[in-house]
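What follows is one structure encoded as structure tokens, with my remarks underneath.
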There are 2 protein chains.
Amino acid sequence: MVNKEVNDNTRERILIAAKKVFLLKGMAGARMQDIADEAGINKAMLHYYYRSKEKLFEMIFEEALAQFFPKIVDIIDSGIPLFEKIALFCSEYIDMMLKNTYLPLFVLNEVNKQPEYFKERFWKGKNSLFEKFAAEIAAEIKGRRMKNINPAHLFINMISMCIFPFIAKPLWMMSTNMDELQFRGFMEQRKTEIPKFIIESIKK
Amino acid sequence: MVNKEVNDNTRERILIAAKKVFLLKGMAGARMQDIADEAGINKAMLHYYYRSKEKLFEMIFEEALAQFFPKIVDIIDSGIPLFEKIALFCSEYIDMMLKNTYLPLFVLNEVNKQPEYFKERFWKGKNSLFEKFAAEIAAEIKGRRMKNINPAHLFINMISMCIFPFIAKPLWMMSTNMDELQFRGFMEQRKTEIPKFIIESIKK
DNA sequence: GTCTATAACTCGATAGAC
DNA sequence: GTCTATCGAGTTATAGAC
């Protein structure tokens with residue numbers, strides 16, 4: 001009983017440490033020693049619980065993907081009106097990234113570095129991610145409730161404006177002389193600024 | 001004389017090979033052996049010409065920064081009217097990235113991985129990158145030629161929509177079932193779609 | 001300048017004591 | 001379950017012949 005608890009505790013602490021190190025340094029840059037230090041244990045333990053660096057990485061990557069994607073799908077698949085949907089998406093997605101600043105760059109970087117690995121291992125039956133969204137926009141256009149715009153462009157415009165600032169964060173902070181707190185404030189503003197900017201452009 | 005030419009030739013071939021490998025795999029993921037293979041020579045030559053992996057990386061990184069930045073500054077500092085400036089920026093910048101697909105992710109990733117190193121080594125007196133742009137927008141707003149919008153948001157909206165698709169390229173191609181050629185066509189469209197989208201939103 | 005061989009070192013992984 | 005010690009593969013870097 002006591003062992004079980006200690007076990008779970010260590011297992012969990014390794015995961016937390018690994019997440020921190022992998023998200024900061026990526027698969028290629030992370031060291032098992034860094035993770036062990038961060039977790040306050042020694043290297044052998046990492047292998048005892050997770051066999052190899054790759055297995056440990058997969059755990060973290062899978063968890064990261066689970067955070068990165070479902071939010072998108074859930075909101076887009078919901079039944080609320082398009083303009084509200086856009087506002088909700090931006091707000092929720094930016095909120096999630098404010099709690100996980102390194103998540104977007106980590107995911108996109110690893111997908112770029114090993115696209116085949118990602119495709120086979122993690123990309124199963126997710127082909128039609130934004131088809132529903134595209135159909136909804138087509139309907140709005142046909143009903144003359146918004147301007148004619150290619151849904152693909154609208155979709156990636158929205159995503160770009162939400163995610164990119166987190167990817168360019170250090171560069172952006174240098175360019176604007178923002179500190180951590182000001183950056184967070186800036187992203188808080190964007191929760192409403194982005195929807196406003198989009199809707200202003202597409203409304204009739 | 002002959003030696004000099006051979007020298008230059010090898011030096012140059014190493015740079016080209018190193019650029020390819022570093023941009024694809026990043027500093028942490030790149031191997032000196034990969035670069036040597038790509039250049040069709042052996043590892044010792046790399047050290048003969050560039051001393052160390054880090055020195056070689058700095059060369060490539062510096063060159064990458066030179067491509068990534070000046071285009072922005074030049075156009076933004078030019079005297080053309082704001083709306084044309086936005087159109088020109090998007091077109092030129094996307095064009096540059098179409099020729100260097102991996103450039104944005106490479107630069108932003110390395111800056112994120114080593115922000116201090118970047119700041120000290122490469123960020124000298126570039127603080128006011130978009131101040132001029134902000135001032136110009138402020139003038140337009142005051143002159144009632146466009147809607148009231150925070151210049152910082154407008155600026156990063158524009159940059160985000162141009163750069164992000166390249167960073168999310170593999171994921172985007174999977175989501176939309178695009179092939180390489182279709183992706184290029186899509187980005188060609190965006191050269192005009194993005195300015196249209198922006199101007200539609202801010203014009204009065 | 002270019003190559004082969006190898007030194008020096010880093011890092012993931014394992015053995016074995018407790 | 002946890003630790004120390006160490007192995008062995010892989011990598012950067014150098015020595016030395018040509």
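A quick note: this is a predicted structure, and the numbers were derived from the prediction, not measured. To find a chain, count down the sequence lines: A is the first, B the second, and so on, and within it residues start at 1.
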May I ask you to verify if any side-chain N or O of [X] is less than 4.0 angstrom from the OP1 or OP2 atom of [N]?
X       : N      : answer
B:His47 : D:dA13 : yes
A:Asn42 : D:dT2  : no
B:Tyr49 : C:dT2  : yes
A:Thr10 : D:dG1  : no

query: What's the verdict on side-chain contact (heavy atoms from CB on, under 4.5 Å) for B:Leu105 and B:Lys169, showing C-alpha distance, side-chain angles and the deciding distance?
result: CA-CA 10 Å; B:Leu105 184 57; B:Lys169 182 183 169 197; over 6 Å; no
message: Applying a 4.0 Å non-hydrogen cut-off, can you work out what A:Ala36 is touching in the nucleic acid: base, sugar-phosphate, or nothing?
response: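 It contacts nothing in the nucleic acid.
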message: Regarding A:Met45, tell me which of base, sugar-phosphate or nothing describes its non-hydrogen contacts under 4.0 Å with the strands shown.
response: base
- request: Evaluate the criterion side-chain contact (heavy atoms from CB on, under 4.5 Å) for residue pair B:Met174 and A:Phe118; output intermediate values, then yes/no.
  value: CA-CA 11 Å; B:Met174 286 183 222; A:Phe118 170 78; 3.6 Å; yes
message: When you measure from the centre of the six-membered ring of B:Tyr48, is the NZ or CZ of B:Arg11 closer than 6.0 Å and no more than 45° off the axis?
response: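 No - B:Arg11 does not lie over the ring of B:Tyr48 by the 6.0 Å and 45° rule.
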Tell me the interatomic distance from [X], atom [atom1], to [N], atom [atom2], rounded to whole angstroms.
X       : N      : atom1 : atom2 : result
B:Tyr48 : C:dA5  : OH    : P     : 21 Å
B:Leu56 : D:dA13 : CG    : C1'   : 13 Å
A:Met32 : D:dG8  : CE    : P     : 19 Å
B:Lys53 : D:dT14 : NZ    : P     : 15 Å
A:Ile35 : C:dT10 : CD1   : P     : 19 Å
B:Lys55 : D:dT12 : NZ    : P     : 16 Å

- prompt: Should A:Lys55 and A:Glu58 count as an ion pair when the cut-off is N to O under 4.0 Å?
  reply: no
- request: Between C:dG12, D:dA13, C:dC3, spot the one nearest the side chain of B:Lys43, thanks.
  value: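 Ranking C:dG12, D:dA13, C:dC3 by closest atom to the B:Lys43 side chain puts D:dA13 first.
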- prompt: Among D:dC3, D:dG1, D:dT12, which nucleotide sits nearest the side chain of A:Ala44?
  reply: D:dC3
query: What ring-ring contact (aromatic ring centres under 6.0 Å, His included) pairs are there with at least one residue in residues 171-195 of chain A, not counting sequence neighbours?
result: A:Phe166-A:Phe183, A:Trp172-A:Phe186, A:Trp172-B:Phe130, A:Phe186-B:His153
